[in-house]
Amino acid sequence: SAHSYNGTDAMSQRIEMENYDQSALALQKNLLTLRQQRDRQRAVGNHTEADHLDKLITGIEQTFAQLQDTFKPTTLQ
């Protein structure tokens, strides 16, 4: 029964990584959209909104970098 537990454990880790990868991809797409919105706002002279988006983007990027460090497979460290 120890063998089946390890198999189940490996399966749940793989599902966790797949979920993380999907979430990471969605987050990157959202960041791209936010950057485009920021650039559009700046282009039309709406600097207050562009600055707000800039802070939002920076915060998301910092959080994303921390998450990547947390979820990095041990073989890549």
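None of the values given here were measured: they were computed from a predicted structure. Computation of the quantities below employed the complete heavy-atom set of this structure, encompassing side-chain atoms and omitting hydrogens, waters and symmetry-equivalent molecules.
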* **Pairs touching residues 34-47 that satisfy salt bridge (Lys or Arg N to Asp or Glu O under 4.0 Å), sequence neighbours left out** => R35-E61, R38-D54, R42-D51, R42-D54
* **Nearest-0.5 Å distance, OG1 of residue T33 to CD1 of residue I57** => 10.0 Å
Under 3.5 Å donor-acceptor pairs involving side-chain atoms of residues 23-30, not counting sequence neighbours:
from : atom 1 : to  : atom 2 : distance (Å)
S23  : OG     : N19 : O      : 3.0
N30  : ND2    : A26 : O      : 3.4

* Following the transitive rule for hydrophobic clusters with a side-chain heavy-atom cut-off under 4.5 Å over Ile, Leu, Val, Met, Phe, Trp and Tyr, establish whether L56 and F64 coincide in one cluster. => yes
* Asked: Under the side chain to side chain contact (heavy atoms under 4.5 Å, CB included) criterion, do T48 and H52 qualify, and how do the steps go?
  -> CA-CA 6 Å; T48 306; H52 171 73; 6.0 Å; no
